[in-house]
Participant: 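Structure incoming, see below.
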Amino acid sequence: MSTSNTIPKIGAVFYIIWACLHLLAEYSVYTLGRSLDSSMVRGRVLQDAWNLLFFSIIAISVAATLNWRNSAWGYWINFATLGIADTGLIFFLLVPGYAPVWPSILGPVFWVLATIFSTIALLTRTKGATRTFTSDNTGSSDLARPTRFRG
């Protein structure tokens, strides 16, 4: 396996680790929500658990399919989606001091590591791989496209 093939896979693994951490967080938030009396607060806490669950599902799905193959689409989907999830944690839990920095900082750390490796992978793709929608280096064969769509 060449280095150019390894770097996007490392980024994908970091995204998957991020997602696994958030699945654990989702379970903790869900357990907390179930322990509350029926109220708007309980509903909001359970909604937060739901959001964490689906951020995790998106992260794993995109990492295992698109980031693994160094797709520009996968890069932007996980960069934006996970960035939104983690900035919420930082602004609403870490900055006000509602959550301890350790281990809460692990999610953002793995998101940053995944982003660094995915960025390096995307920027160092082979020269023949174009950075357009029709050819984003996801494994599709150039020969399968009509001549007028070839990069």
Side-chain angles (χ1 to χ4, degrees), residues 1-126 129-141 144:
M1 184 181 305
S2 69
T3 309
S4 64
N5 198 18
T6 305
I7 294 173
K9 289 175 176 41
I10 293 170
V13 168
F14 282 136
Y15 279 131
I16 292 169
I17 292 170
W18 180 97
C20 290
L21 288 171
H22 284 73
L23 286 172
L24 291 171
E26 178 274 332
Y27 183 74
S28 295
V29 173
Y30 175 77
T31 303
L32 172 64
R34 296 284 296 164
S35 72
L36 299 172
D37 291 333
S38 291
S39 67
M40 177 64 109
V41 172
R42 179 182 183 178
R44 294 306 307 228
V45 171
L46 291 174
Q47 181 187 12
D48 288 341
W50 177 265
N51 290 340
L52 286 169
L53 174 66
F54 279 92
F55 278 129
S56 299
I57 290 170
I58 290 168
I60 290 171
S61 301
V62 171
T65 58
L66 298 175
N67 294 122
W68 191 263
R69 290 183 268 169
N70 202 13
S71 163
W73 280 100
Y75 174 86
W76 287 110
I77 292 168
N78 265 349
F79 176 78
T81 305
L82 279 54
I84 289 167
D86 272 355
T87 53
L89 168 88
I90 293 165
F91 291 144
F92 299 113
L93 293 175
L94 291 178
V95 170
Y98 298 138
V101 173
W102 182 261
S104 302
I105 198 69
L106 285 175
V109 165
F110 281 108
W111 175 71
V112 167
L113 287 171
T115 300
I116 288 169
F117 278 90
S118 296
T119 301
I120 292 168
L122 206 59
L123 293 175
T124 59
R125 290 199 297 190
T126 58
T130 60
R131 294 184 175 118
T132 65
F133 177 72
T134 58
S135 177
D136 68 352
N137 199 22
T138 58
S140 62
S141 171

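Just so we're clear, the structure is a prediction, and the values are computed from it rather than from any experiment. Scope of the values below: all heavy atoms of this structure, side chains included, with no hydrogens, waters or symmetry mates.
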Participant: To the nearest 0.5 Å, tell me how far L122 CG sits from Y75 OH.
Facilitator: 7.0 Å
Participant: Quick one: pull up OG1 in T124 and CD1 in I7 and give me the separation to the nearest 0.5 Å.
Facilitator: 5.0 Å
Participant: Could you report the tightest heavy-atom contact between N67 and A12, atom names first, then the distance?
Facilitator: CB-CB, 4.0 Å
Participant: Ignoring hydrogens and geometry, is there a side-chain-to-backbone donor-acceptor pair from N70 to A121 under 3.5 Å?
Facilitator: yes
Participant: What pair of heavy atoms forms the shortest contact from A19 to A59, and how long is it?
Facilitator: CB-CB, 3.9 Å
Participant: Quick one: side chains of residues 99-108, donor-acceptor pairs under 3.5 Å with protein atoms, not counting sequence neighbours, listed by atom name and distance.
Facilitator:
{"unit_1": "S104", "atom_1": "OG", "unit_2": "P100", "atom_2": "O", "d": "2.7"}

Participant: Side-chain contact, heavy-atom cut-off 4.5 Å: F110 with Y15?
Facilitator: no
Participant: Measure the shortest side-chain to side-chain distance between F14 and W111 over non-hydrogen atoms and say whether it is less than 4.5 angstrom.
Facilitator: no
Participant: How many angstroms lie between atom CD1 of I16 and atom NZ of K9, to the nearest 0.5 angstrom?
Facilitator: 11.0 Å
Participant: For V29, run the side chain to side chain contact (heavy atoms under 4.5 Å, CB included) check against N51, L46, L24, D48 and tell me which one passes.
Facilitator: D48
Participant: I'd like to know if the side chain of T81 and the backbone of N78 have a donor-acceptor N/O pair within less than 3.5 Å.
Facilitator: no
Participant: Quick check for you: to the nearest 0.5 Å, what is the distance between T87 atom OG1 and F92 atom CZ?
Facilitator: 8.0 Å
Participant: Rounded to the nearest 0.5 Å, what's the gap from CG on L32 to CZ on R34? Could you check?
Facilitator: 12.0 Å
Participant: With the side chain counted from C-beta on, respond yes when W18 and V109 share a heavy-atom pair under 4.5 Å apart, and no when they do not.
Facilitator: no
Participant: Does H22 reach the side chain of I60, with side-chain heavy atoms less than 4.5 Å apart?
Facilitator: no
Participant: When you measure from the side chain of S39 to the backbone N and O of D37, does any donor-acceptor pair fall under 3.5 Å?
Facilitator: yes
Participant: May I ask you to check whether over 12 heavy atoms, not counting those of F54, lie within 6.0 Å of atom CZ?
Facilitator: yes
Participant: Can you tell me how far OG1 of T6 sits from CZ of F117, rounded to the nearest 0.5 angstrom?
Facilitator: 10.5 Å
